[in-house]
Visitor: 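The structure's right below; bear with me while I get my questions together.
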Amino acid sequence: MAEIDQDRLTRIDRAMIAEAEDRLLDLRYEPDDLRGQSDRTMRLRRLGKLGDMGLAKEDAPGVWELSERLEPTLREMGERGDIIRTMQKALRTEGAERDPMSFQIHDGTPTTLIVGRIIDKHLTDELGESLTLVVDGIDGRTHHVSGIDPVRVEDARIGSIIELAPADSAGRPSDRAIAAIAEDGIYRPSRHLEQARFEARVPNSDYVGFVDAHVRRLEALRRAGIAERIDTDQWHIPQDFETRAAAHATGRNARANIRVLSTFDLERQIGSDGATWLDRQLVGAGVSDLSPSGFGEQVREAMARRRETLVERADAVRQGDGRVAYRRNLIAALQEREVARVGEQMAAKKALPFRAATDGETITGTFTGTVQLSSGKFAIVERSHEFTLVPWRPVIDRQLGHEVSGIVQGGSVSWQLGRQRGLGV
């Protein structure tokens, strides 16, 4: 019978567990029990298998003791076997083969950074609140990660490149900054803004956006009962603020931190006119993280093909020593090119002129939707006589259909939302 050699909990195991008394099972030979001989033989063969696994032992001829670990161990082995089959099926669908020894099944959130392509994505509970991903990693391993928040990867599909990082366990720099600036238990955004401008250390000099982010963090902690808003420029910060904020972050972020690096698969990135994840790998230092096998090898090959595409389009030049020099501000130039092309295509359908936003410009209009490009996700902001595309940020999602305003700076946007309440929301 097929169940005898299964590495999972079988019907035979359930029957023996139910009949055992104090985990002891008496299968001594009874000559008069002719009808039960085949069943006894089958059970003894299964017990031999369980004995080899360390989950049963024969205390006396025909008398077997079942391990207390028998049921949980076999259940876990069965679940693991199902996961491995799911991973193999997903790989075969993608036309890939991987050694099962390279499979890594994460019982909880990953403890190390994972970067790779999604090869399987499915809900794992009836309420639709938990997602399982199978990720073919650049580290040469194939990862199975469950407990993913579906909202975090709603833009991602099979082939998309994502990054999964361990859950936050330490306090956030923003929380430390808030605690440091607070005087007598009061944090003032206006004072924080003055200090940020004085120190001049904020990226792209977006001081208002920088302080806005801290206020939004306080709004989240206010809802958790950790901070209290007194008025638009005063927040009450308790003495144990950092400890409570860190505990709150750990509880909320028990799931992995996720970033969708590219919704485009490698093949689409190779020929794209936008700024792709491959481009960022080329101009960065990501090659050292790539395994010489598996998906890491595929990324190396894709990077080489993308490099040739950039050379053909005069976005890169092959030098005499064989190295390739990329045009200045390559990422920004590619992004600008793609946004202009897509904007013009959308204008033809909308019967509304497209205008590209310029750095330092204040954008005001109605947030009407988003568009996914190889350069990333962009927000569509419309006015009565034109529309524009600007980099999207999660903070504006709740403003869909409403007027928004923001300053374009350094390839990002500092959104000025809820101005009637102060510096931000």
Visitor: Kindly determine whether Thr364 and Val404 satisfy side chain to side chain contact (heavy atoms under 4.5 Å, CB included), including the steps that lead there.
Guide: CA-CA 6 Å; Thr364 301; Val404 294; over 6 Å; no
Visitor: Going by an N to O cut-off under 4.0 Å, is there a salt bridge joining Lys350 and Glu386?
Guide: no
Visitor: Could you tell me whether Arg141 and Asp139 have a side-chain N and a carboxylate O separated by less than 4.0 Å?
Guide: no
Visitor: So, for His143 and Phe103, is the gap between ring centers shorter than 6.0 Å?
Guide: no
Visitor: Any chance you could lay out the side chain to side chain contact (heavy atoms under 4.5 Å, CB included) test for Arg259 and Ile162, step after step, and finish with the verdict?
Guide: CA-CA 6 Å; Arg259 281 199 306 151; Ile162 66 167; over 6 Å; no
Visitor: So among Arg341, Arg313, Arg337, which one has a salt bridge (charged side-chain N to carboxylate O under 4.0 Å, His left out) with Asp273?
Guide: Arg341
Visitor: Using distance only, find each side-chain donor-acceptor pair of residues 74-83 under 3.5 Å and give its atom names and separation, not counting sequence neighbours.
Guide:
from: Arg75; atom 1: NE; to: Glu71; atom 2: OE2; distance (Å): 3.2
from: Arg75; atom 1: NH2; to: Glu71; atom 2: OE2; distance (Å): 3.0
from: Asp82; atom 1: OD1; to: Arg8; atom 2: NH2; distance (Å): 2.7
from: Asp82; atom 1: OD1; to: Arg85; atom 2: NH2; distance (Å): 2.7

Visitor: Mind listing the closest non-hydrogen atom pair of Ala275 and Leu334 along with its distance?
Guide: N-CB, 3.6 Å
Visitor: Can you check ring pair (Phe, Tyr, Trp, His ring centres under 6.0 Å) on His402 and Phe367, steps first, answer last?
Guide: CA-CA 6 Å; His402 297 86; Phe367 171 39; 9.7 Å; no
Visitor: Given the rule in the side chain to side chain contact (heavy atoms under 4.5 Å, CB included) test, do Val317 and Val324 qualify, once you have shown the distances and angles that lead to the verdict?
Guide: CA-CA 6 Å; Val317 177; Val324 173; over 6 Å; no
Visitor: Under the criterion side-chain hydrogen bond (donor to acceptor under 3.5 Å, both in side chains), which of Glu338, Gln269, Gln335 is the partner of Ser374?
Guide: Glu338
Visitor: Output all residues satisfying ring pair (Phe, Tyr, Trp, His ring centres under 6.0 Å) with Phe387, sequence neighbours left out; order by chain, then residue number.
Guide: Phe354
Visitor: Determine the minimum heavy-atom distance between Gly147 and Ser130, stating which atoms define it.
Guide: CA-OG, 3.3 Å
Visitor: As an exercise, state the distance from OG1 of Thr366 to CD1 of Ile380, rounded to the nearest 0.5 Å.
Guide: 12.0 Å
Visitor: What distance do Met53 atom CE and Ser67 atom OG have between them, rounded to the nearest 0.5 Å?
Guide: 10.5 Å
Visitor: Check whether the ring centres of His144 and His106 lie less than 6.0 Å apart, and answer yes or no.
Guide: no
Visitor: Between Arg176 and Glu242, is the closest basic N to carboxylate O distance under 4.0 Å?
Guide: no
Visitor: Closer than 4.0 angstrom, basic N to acidic O: yes or no for Glu19 and Arg43?
Guide: yes
Visitor: Looking at Asp136 and Arg117, is any side-chain nitrogen of the basic one under 4.0 Å from a carboxylate oxygen of the acidic one?
Guide: yes
Visitor: Taking side chain as C-beta onward, heavy atoms only, is Glu297 less than 4.5 Å from Ser291?
Guide: no
Visitor: Is any NZ, NE, NH1 or NH2 atom of the basic residue among Glu219 and Arg222 found under 4.0 Å from an Asp or Glu carboxylate oxygen of the other?
Guide: yes
Visitor: Between Arg327 and Asp315, is there a side-chain N and carboxylate O pair less than 4.0 Å apart?
Guide: yes
Visitor: Decide, yes or no, whether a salt bridge links Arg188 with Asp231 under the criterion of side-chain N to carboxylate O below 4.0 Å.
Guide: no
Visitor: Check this for me: does any side-chain nitrogen of one of Asp265 and Arg157 sit under 4.0 Å from a carboxylate oxygen of the other?
Guide: no
Visitor: Is a salt bridge present between Arg14 and Glu3, judged by a nitrogen-to-oxygen distance below 4.0 Å?
Guide: no
Visitor: Give the C-alpha distance, both sets of side-chain angles, the deciding distance and a yes or no for side chain to side chain contact (heavy atoms under 4.5 Å, CB included) between Val145 and Leu164.
Guide: CA-CA 9 Å; Val145 186; Leu164 297 97; 4.1 Å; yes
